[in-house]
**Student:** 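Got a structure here, written out as structure tokens. Questions coming.
As the structure lists them, so they are numbered: ligands from 1, and atoms in each ligand from 1.
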Amino acid sequence: MEASKPVLLTVDDDPGVSRAVARDLRRRYGPDFRIVRAESGPQALEALREIKLRGDPVAVLLADYRMPGMSGLEFLEQAMDLVPRARRALLTAYADTDAAIQAINVIDLDHYLLKPWEPPDEKLYPVVDELIGLWRAAGDKPVTATQVVGHRWSARSYEVRDFLARNSVSYRWLPADEPEGRRLLEAAGLDETSIPLVVTPDGDSLVDPDTEELAAKVGLATTPATDFYDTVIVGGGPAGLGAAVYAASEGLRTVLVEREATGGQAGQSARIENYLGFPDGVSGAQLTDRARRQASRFGAEILTAASVTGLEARGSSRVVRFADGGEVAAHTVVLATGVAYSTLKVPGVDRLTGRGVFYGSATTEAPACADEDVYVVGGANAAGQAAVFLARRARRVTVLVRGDGLERSMSHYLIRQLRDTANIEVRPRTQVAGAAGDEHLERLRLRDTVTGAEEEVPAGFLFVFIGAAPCTDWLDGVVQRDDRGFVVTGPDLLVGGERPPGWPLDRDPYYLEADLPGVFAAGDARARSVKRVASAVGEGAMALQLVHRYLEAQ
Ligand SMILES: Cc1cc2nc3c(=O)[nH]c(=O)nc-3n(C[C@H](O)[C@H](O)[C@H](O)COP(=O)(O)OP(=O)(O)OC[C@H]3O[C@@H](n4cnc5c(N)ncnc54)[C@H](O)[C@@H]3O)c2cc1C
């Protein structure tokens, strides 16, 4: 029994303090949690490795800030790799609070606690309660809960892992050609041809499941709880999450519908450095995970693996249709569907996608790139960030750019980081002409865009970031879109001062409103929007103000 309790781990180099924290924690949390105590960072990391091996979940880490050898910050940073879902708090003396505040950004610290923490009822327990609440809300499961058996170079195995990771579902990855993976396949009466195999926490075996089935079986909500809402938000990137936080916090009945994983493009960003309030940058996954928790906490319903395929007006209701035929109605709709990556149209690439060729998935695949030669295609910020991130593990990263350089397409701070990273090379005037390999990517054909000369290079990984198109095809004929498919809103709908054809109201469309009243667009999917996290969040929040104005006038 004891072994399966989630863990609260505390580390402090002063044995007296360490014992006292553990004692106070045990007093309140002992019945439900296993309290683990360590007296140094390395000792605590070792304990975490053992706990992980046993498959026990780790809920909270409490680390002393000043410890010889490895500071509390260093420990928490390294612990993040081992137990990324555990909530983190630092124990500090009053004099160290500045450092602790900085750490909130550097290691995404949840809290800092001042020593002494007496009386614990006032100073320690409320904080630990909140940390446990956050951990529970994120739906952490024991790491052994979901198991995925597959091949490293199987595109479907990759898609399943990427889906679980992006939805913050813990899973164990078991290669099908290793003993543990083989055993699991045998136990399910299957062989290596039946991959990916997903074994759910309830023991169900799913062979190559589709996303809806997978989502439902690992506990993600996929269908709405009711059939009418104040607002339906389509898309769970920064714009949709921003809208959901503001809608739910202001008491609107809100459902957010996301077809893959909340976070959108931002969730795939290795490090966002220009978002307000994070001077040391923040990983997109952390930022958007916080936003998702925040929206849920305010009461927004979040559906995952639910793709919206239609929108229509039925009287004053706005009805949204799902790919599975279901529908949901609301007073208002916020379109926050963002953009999807453009694919590289050269021979060999389609067949090798997910088997060495990846779109926007640098963070999921980075560990596999250790000591490999990696290619990144693209000249904008997404490509730059991926290159910097991958360079930490890869032997060499080559950034392929069609134009003369990066100055016109990439932020200055990133160009500088590329220049300052020894194992990154930027190759201007170069494009990918072809990709080849049997099981997985092995070679790339590169073409000089000026001379046309071609060369073949060995390559195991290619990450593609070559622009994107709006996810709005399903809105054809429903709302006005521009020639590239972005949703036209507000003043842009007025031509020569005239309201759009068929506009039924005696007022102009609001700033983010489409030509169907009560339907708003926010973020990258909107025509003329600034393609940035901050502006997407801002537009999401602003759309909600306009939703209120619309509802008041009804
Ligand atoms: C790798 C990378 C790094 C970046 N780095 C930065 C950075 O450092 N700083 C910065 O400011 N910006 C950065 N950006 C840009 C930034 O991420 C985007 O501007 C921002 O995410 C746009 O937010 P959004 O919510 O409008 O759209 P998206 O983030 O595109 O989210 C849209 C969501 O809608 C979902 N969706 C689409 N269609 C449907 C449908 N029919 N039904 C249900 N759901 C649907 C999608 O699955 C997606 O999750 C980066 C982008 C990338 C790709």
**Student:** Which protein non-hydrogen atom lies closest to atom 43 (C) of ligand 1, naming both residue and atom, and how far is it?
**Tutor:**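 Of the protein heavy atoms, R259 N, 3.4 Å lies nearest.
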**Student:** Any protein heavy atom under 4.0 Å from atom 14 (N) of ligand 1?
**Tutor:** no
**Student:** What residue and heavy atom of the protein are closest to atom 47 (O) of ligand 1, and at what distance?
**Tutor:**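 Closest protein heavy atom to atom 47 (O) of ligand 1: E258 OE2, 2.7 Å.
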**Student:** Quick one: nearest non-hydrogen protein atom to atom 1 (C) of ligand 1, plus distance?
**Tutor:**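 For atom 1 (C) of ligand 1, the nearest protein heavy atom comes out as A382 CB, 3.5 Å.
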**Student:** May I ask you to check whether N274 has an N/O atom sitting below 3.5 Å from an N/O atom of ligand 1?
**Tutor:** yes
**Student:** Looking only at protein heavy atoms, which one is nearest to atom 51 (C) of ligand 1, and what is the separation?
**Tutor:** Q265 OE1, 3.8 Å
**Student:** Is F465 in polar range of ligand 1, meaning some N or O pair under 3.5 Å apart?
**Tutor:**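 N/O-N/O distance below 3.5 Å does not exist for this pair.
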**Student:** What is the closest protein heavy atom to atom 42 (N) of ligand 1, and at what distance does it sit?
**Tutor:** V308 N, 3.0 Å
**Student:** Output the list of atoms in ligand 1 that are nearer than 4.0 Å to some heavy atom of A306, sorted by atom number.
**Tutor:**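 So the answer, numbered in order with elements, is 43 (C).
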**Student:** Hey, does A536 come in under 3.5 Å of ligand 1, counting only N/O atoms on both sides?
**Tutor:** no
**Student:** Without hydrogens or angle criteria, can the side chains of H548 and E250 be said to hold a donor-acceptor pair below 3.5 Å?
**Tutor:** yes
**Student:** Taking 4.0 angstrom as the limit and counting only heavy atoms of R532, give me the atoms of ligand 1 inside it, by number and element.
**Tutor:**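 Here the atoms of ligand 1 in question are 10 (C), 11 (O), 12 (N), 19 (O).
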**Student:** Between Y275 and ligand 1, which part of the residue brings a heavy atom under 4.0 Å of the ligand: side chain, backbone, both or neither?
**Tutor:**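 It is neither part, as no heavy atom is under 4.0 Å.
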**Student:** Below 4.0 angstrom from a heavy atom of K531, which ligand 1 atoms are there? Numbered from 1 as shown, please.
**Tutor:** 19 (O)
**Student:** Under 4.0 Å from a heavy atom of G264: give me the atoms of ligand 1 that qualify, with their elements.
**Tutor:**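 The atoms of ligand 1 under 4.0 Å from a heavy atom of G264 are 29 (O), 31 (O), 48 (C), 49 (O).
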**Student:** Report, in ascending order of atom number, the atoms of ligand 1 lying under 4.0 Å from any heavy atom of A261.
**Tutor:** 49 (O)
